[in-house]
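These notes concern the structure reproduced below.
By convention in this document, chain letters (A, B, ...) are assigned in the order of the sequence lines, proteins followed by strands, and residues within each chain are numbered from 1.
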Amino acid sequence: MLTNAIAISALLFMLAIALNFYRLIIGPSIPDRLAALDTMYVNAIGAIILFGMWLNTTLYFEAALLIAMLGFISTVAVCKYLLRGDIIE
Amino acid sequence: MTLLLIVLLPLVGSLVPIASARSGRTTCAWLTAILPAIALGIAAWYTPAVFGGQLPQVSLDWVPALGLDIAFRLDGLSLLFVYLVLGIGLLIILYARYYLSEKDSMSRFYAYLMLFMTAMLGIVTADNLLLMWFFWELTSLSSFLLIGYWSHLSEARKGARMALTVTGAGGLCLLAGILLMGHVVGSYSLTTVLEHRELIQQSSLYQPILLLFLLGAFTKSAQFPFQFWLPHAMAAPTPVSAYLHSATMVKAGVFLLARMYPVLSGTDEWFYIVTLTGLATLLYGAFFALIKQDLKGVLAFSTISHLGLITLLFGFNSKLAAVAGVFHIINHATFKASLFMAAGIVDHECGTRDIRKLNGLWRYMPYTTVLAAVASASMAGVPLLNGFLSKEMFLAQSLEAQMLGGLSWMIPALATLGSVLSVAYSLRFIHDVFFNGEPRDLPKTPHEPPRYMRLPIEILILLCIMVGILPGIMVEPILRAATAAVVPGQAPEIHLALWHGFNLPLMMSAIALSAGVLVYLLRNHIYRFHRQFRAVNARQSFEFSVQRVVRSAQWGLDRFENGSLQRYMFLLLLSAVIVAAFGLMDVPSMAGLKSLQPLDPVVVTGAGILCLAGLGTVMLHRRRLLSLLFLSVVGMFVSLTFARFSAPDLALTQLAVEVVTIILLMLALFFLPQKTPKESSGRRVSRDILLSMIFGGVIASLNYAVLTRPLQSISTYFIENSVPGGGGHNIVNVILVDFRGFDTLGEITVLGIAGIAIYKLLNRLRLFMPSSDMEGRPWSPDRYPVILSSVSQTLLPLALLVSVFIFLRGHNLPGGGFIAGLVAAVVIILVYMSRGVEWTQRRMSFNYQPIAVTGVAIAALTGLGSWVFNKPFLTSSFGHFDIPLIGDIELATAMMFDLGVYLTVVGSTLMILANLGKVTTPHRPSKEKQ
Amino acid sequence: MDLRFALEVAVSALMIAGGIFAVIGAMGMVRFRDFYMRLHGPTKSTTLGVGCVLLASMSFFWLKNGHPSLQDMLITLFLFITTPVSAHLLTMSGLHHKLPSAPETKGQPYELDDEDDIARN
Amino acid sequence: MEALYATVTGILTACGIYLTLRGRTFPVVVGLTLLSYAVNLFLFSMGGITTGHTTIVDSGQPYADPLPQALVLTAIVIGFAMTAFVVILAMRTRGDLGSDSVDGQRTDEPREERK
């Protein structure tokens, strides 16, 4: 049962990511795309966690952890760029 | 071993004049003379042995792999030349002392001269062809320096360049020939080569070898059609001409002929090429010697003609001819050197070399007149002088030559013609210069030269006469020895004598003498005859051809190198893809035997997004920010791919690097245009698309081919030894910090260097900062959004904890120094972003360069540490510790190494990003200041 | 055994729910009319979805190893700290870009700019 | 799976190559980054693409080839360093020549706002 659940959920997450990517492509505005990117990061976390469960190993959790941190940071960077142009000032 | 000294002493001697430049001209000259004198003594010491038929040799390894060793030999031929080079060299040193004027730097001249002497001695004594070639080119170089000694005269410069070009080119041909010969014989040792006459002459490479060697020889001794450089080399100071262009350097060519005579001669090719060249040179030189108006020009052309004569002699495939050739080498050296010196004296005392002005000098310098007269008589081949003997032999041999069949009579005829001309120009040299009326408007009033300036000439003249009268005693032994080296098999019966009775040769020289006088008397007709030809200036045509070569080279270069990196990139990639494609063509089938893995929808979706993101990056590359967003999607999915295919470490690293890269590009983008203008032509775009598609195709098929083939991995060793050897369970990390620790050390060093280089590049970088973004919106006034700054502050310790955590577990589970370092760096960058440089700097008041350097140092020291316990570099030892929550970890020395990696990564990354961020700070003062 | 089965059911349910939430969030992101509405999707639904999955995995590995994995907690922590902040920043940049807002969007965003000024001084 | 993987690598390579052939520094840098992604994927796949394998000793799963992973790991980091270097060079070019064209000729932006 668990494996099926994992499979279904993974598919759903992939679908979600695909949709985000669609938004990233069509835009229209840069903040839109950025939001899409950020959401992709978040969904990627879910996907990786599921993958870990599927292989039933915790080896991939660091990846998720890093995405959680670094995805945020890159979003911040782009926002800062949009707002101030110079991200380290 | 003492044999080496013959070459070494002059080499050392080239330093003496420089050292003793201060201590007066005469002293300098004497000091310089000492070492060659000693070398001459050594040669003399060897002489009995050589005459006794022994062959002193010495050999040291230099580059055995190339068959190149420092080997010298001293057979008869070498000895003869050693005597010439050193003996005449000493005389020249003496002569030059008085010839050179006060303003000429004497030490420089002597240094060049000694260098040349060394080279010359090297050629004649080398026992290894490559070594000989080395010295051969050295003579070209040093002669370049000597001819260009008066570098303020364009004449001298041009002449020197010409000489260098011609002889240097010939030298390269010689090298090719030597390599071929070495290939045939299988050794470059002269001794060995000389034993393989048949082998060489049978081999199919004989013609090329012969041709290349002859090219070398002919260019060096100014044989037709390469003779043109010699007259222009007369721009050199006369001592140089006397030394190089009579006695030594131009003799190197004929020396080569003599040296290779045993192996190369005796074939028809040899006969035809060498004889005809020699004959042509003989006549050409003789004719122009007769009509030149420049004193040294006359001598130069006469030298050419005599070299032709010697070549001709070597051309006849008869032993006696070779003997005559060697003999004439000696004679020519003696009388021609003295003639040059005499001409030098005239030039020196009268201030001109123009024969039309020089007349009747005998009144002013009777003594010199006598010397010159004797020398030129010897050149003309007047009996009782050495020139006569060798000319006799020459004429005799010319009668022997039968190879031309029905036309054989032409050789003696032409030979006689040559000697007729030589008589004529010798006569002219004397009569026009020293007699024949009064001198016309000379710059100076001539008078006898200083005593010691004449001494060298006197000595040489003395030799001429002695040899001429008592050849048997004077030269026969050395001639025998030399011939033994030149002529294979048992030496021919040499009988040097003044009087062979009334015979054809004698008659021929009688004809030559009388006809020569006649020709001289009729010279004006010859001038008139010659004047109708347009004079070709060899130098101009040479310079012109050089220019043409340069221009064509420039043209060829411009075809490729038009300064556009874009174009270079294209060419580079094109060639790369061609190479790769050819590699792929050898692969019989694309797909290997390995069974494929099934697809699953998740992977397909991911792959699709990855590709689309890549394409998006390309399509939107004009709107740079957007393409960055797509780029980060690519990065994320690449790392997901790594995770998917069981490489967690890679996934982590890729993630961190991707974020860092985005931040970096963002920072840079601020200073760069936001949009890329449309400038590449449609043709270029389509061309590039085509190339990149081909490239992608090649890579894809290559990758597929690899993936579908069963692979045998070499990693089993690492897998087995990871725990016992490295004390870590994460094999990837153990490989990084332990097995391949040395590579990692190199890599972090590169990282540190890159960081420092960037730090330097940013130094005093002046950029302009847009005050608004691309839509012209002014920047938001809110510098540090409150929420962001507070959150990032709370996040900081947590994130650093994570980085430490990743670092500590890295040895056993995914993680490690690289990743942890990147994470830490990124987090600190977050603080920079949210709080600004001032704030951060105030709290983290240290530079990052030291951190990076410390990191590299720690890593290196860890490696060295294992030496203390005399283990090999980077051997790791480890013990177990149990830390709650993180679990059992080894504190291995590898851990220390990893710490080094960690610090380096943190340091360099921050060095790059923080410094880049700081660029703007001084220009945008923050609120905290006020 | 029974308990175990129940837990498995719960975990599976959580995962499915997470997936659904994620898709809903993405749908919202695609379908909503203007930027400010679109932000609702990720900020709420997606976070919730991933939260569910995290919860699922936490209990899953608790089941498996007897103790919850540290990383799960850390991830959750990060996620719940960062998402709001990034959302906030996104809104700020949206406002800064003066993105058009559909009539349904409440509040006149542009006055917020002045608020920014106030916040600054 | 293999075919898909190879295709992706190929496409990424193509994108990278195309961008590196552009005439401005920034696209070239982006292109280099893409290219390095592609190359890393390629190198990584030399150890075979495996699912659910591991590089952790005795964790019960079969081993993936650790060597390519180790090499790629450092390659990624060094790649970043080089990208950074190129970027800074690009900035330097812009600063000194006032143009961001790779050939460093055309000065196209007004050099105002020098602070």
Side-chain angles (χ1 to χ4, degrees), chain B residues 564-566 569 596-597 599 607 610-611 614 618 621 624 627 631 638 645-647 649-650 653-654 657 661 664 668 671-672 676 679-680 688 692-693 695-696 699-700 703-704 707-708 711 713 715 718-719 722-723 729-732 735-736 747 750-751 754 758 761 765-768 818 912 923, chain D residues 1-4 6-15 17-21 23-24 26-27 30 33-34 37 42 45 48-50 52-57 63-67 69-70 72-74 76-78 80-81 83-85 87-88 91-92 94-95 100 102-103 109 111 113-115:
Chain B
S564 155
L565 299 177
Q566 217 173 338
M569 195 72 194
L596 304 187
Q597 302 173 27
L599 286 170
L610 184 47
C611 299
V618 173
H621 80 273
R624 296 179 170 182
S627 73
L631 184 65
V638 168
F645 296 114
S646 53
D649 298 271
L650 289 189
T653 321
Q654 176 62 57
V657 164
T661 315
L664 173 81
F671 300 100
L672 297 173
T676 310
E679 57 194 359
S680 358
D688 293 353
S692 39
M693 278 166 75
F695 215 106
I699 294 293
N703 199 353
Y704 184 70
L707 282 175
T708 48
L711 87 159
S713 163
S715 306
F718 300 116
I719 295 170
S722 173
V723 175
H729 286 77
N730 178 1
I731 308 168
V732 175
I735 290 178
L736 282 179
E747 273 145 353
V750 171
L751 198 57
I758 287 170
L761 271 175
L765 172 60
R766 294 167 66 247
L767 290 161
F768 72 83
F818 278 112
I912 295 167
H923 311 303
Chain D
M1 194 74 89
E2 282 78 0
L4 187 64
T7 323
V8 171
T9 323
I11 289 180
L12 284 188
T13 317
C15 297
I17 296 280
Y18 178 77
L19 281 186
T20 44
L21 286 170
R24 295 308 178 116
F26 195 79
V30 174
T33 320
L34 269 179
Y37 287 160
F42 182 80
S45 71
I49 53 177
T50 51
H53 290 209
T54 175
T55 58
I56 307 299
V57 179
Y63 290 116
D65 192 344
L67 194 55
Q69 296 193 17
V72 172
L73 198 155
T74 46
I76 293 173
V77 179
I78 296 292
F80 160 67
T83 317
F85 192 75
V87 169
I88 307 301
M91 288 173 62
R92 190 86 210 184
R94 178 88 190 296
D100 72 331
V102 285
D103 302 342
E109 302 87 5
R111 317 180 77 186
E113 301 185 48
R114 268 287 165 70
K115 302 248 179 57

Original post:
Looking at B/I758, B/L664, B/I912, which makes the most heavy-atom pairs under 4.5 Å with chain D?
Top reply: B/I758

**OP:** Select one option (side chain, backbone, both, neither) describing which atoms of D/Y63 are under 4.5 Å from chain B's heavy atoms.
**Re:** side chain

Original post:
How far does CD1 of B/I719 sit from CG of D/D65, to the nearest 0.5 angstrom?
Top reply: 6.5 Å

Original post:
Say you draw a straight line from CD1 of D/I78 to CD of B/E747; how long is it, rounded to the nearest 0.5 Å?
Top reply: 5.0 Å

Original post:
With chain D, which of B/S627, B/G614, B/A754, B/S715 has the greatest number of heavy-atom pairs at distances under 4.5 Å?
Top reply: B/S715

Original post:
Atom OG1 in B/T661, atom OH in D/Y37: separation rounded to 0.5 Å?
Top reply: 5.0 Å

Subject >> Atom group of D/L19 that falls short of 4.5 Å from chain B, counting heavy atoms >> reply: side chain

**OP:** Could you walk me through whether D/I49 and B/Q597 pass side-chain contact (heavy atoms from CB on, under 4.5 Å), step by step?
**Re:** CA-CA 9 Å; D/I49 53 177; B/Q597 302 173 27; 4.1 Å; yes

Original post:
If you tally heavy-atom pairs under 4.5 Å against chain D, which of B/D688, B/V657, B/V618 wins?
Top reply: B/D688

Subject >> Per-residue contact mode, D/L4 against chain B (heavy atom under 4.5 angstrom) >> reply: side chain

**OP:** Of all the heavy-atom pairs spanning B/A607 and D/V8, show the shortest one and how long it is.
**Re:** CB-CG2, 3.8 Å

Subject >> Side chain D/E2, main chain B/Y704, donor-acceptor under 3.5 Å >> reply: no

**OP:** With rounding to the nearest 0.5 Å, note down the distance linking CD in D/Q69 to CG in B/L736.
**Re:** 10.0 Å

Subject >> Segment of D/L73 engaging chain B (4.5 angstrom heavy-atom cut-off) >> reply: both

Subject >> Heavy-atom pair count under 4.5 Å with chain B, highest-scoring of D/A64, D/A3, D/G10 >> reply: D/G10

**OP:** Tell me, out of B/V638, B/L599, B/L565, B/L650, who's got the most heavy-atom pairs with chain D below 4.5 Å.
**Re:** B/L650

Original post:
Looking at CD1 of D/I17 and CD1 of B/I699, how far apart are the two atoms once the value is rounded to the nearest 0.5 Å?
Top reply: 7.5 Å

Subject >> Selection from B/V750, B/T676, B/L672, B/T708 maximising heavy-atom pairs under 4.5 Å formed with chain D >> reply: B/L672

**OP:** Would you mind checking which part of D/V87 comes under 4.5 Å of any heavy atom in chain B, side chain (CB onward), backbone (N, CA, C, O), both or neither?
**Re:** side chain

Subject >> Region of D/I56 that comes under 4.5 Å of a non-hydrogen atom in chain B >> reply: both

Subject >> Among D/A84, D/A81, D/G52, residue most engaged with chain B (heavy-atom pairs, under 4.5 Å) >> reply: D/A84

Original post:
Which value, rounded to the nearest 0.5 Å, describes the distance between D/M1 atom CE and B/L596 atom CG?
Top reply: 10.5 Å

Original post:
Counting heavy-atom pairs under 4.5 Å to chain D, which of B/F671, B/F695, B/F645, B/F818 comes out on top?
Top reply: B/F645

Original post:
Which one of D/L34, D/T54, D/T20, D/T83 has the most heavy-atom pairs closer than 4.5 Å to chain B?
Top reply: D/L34

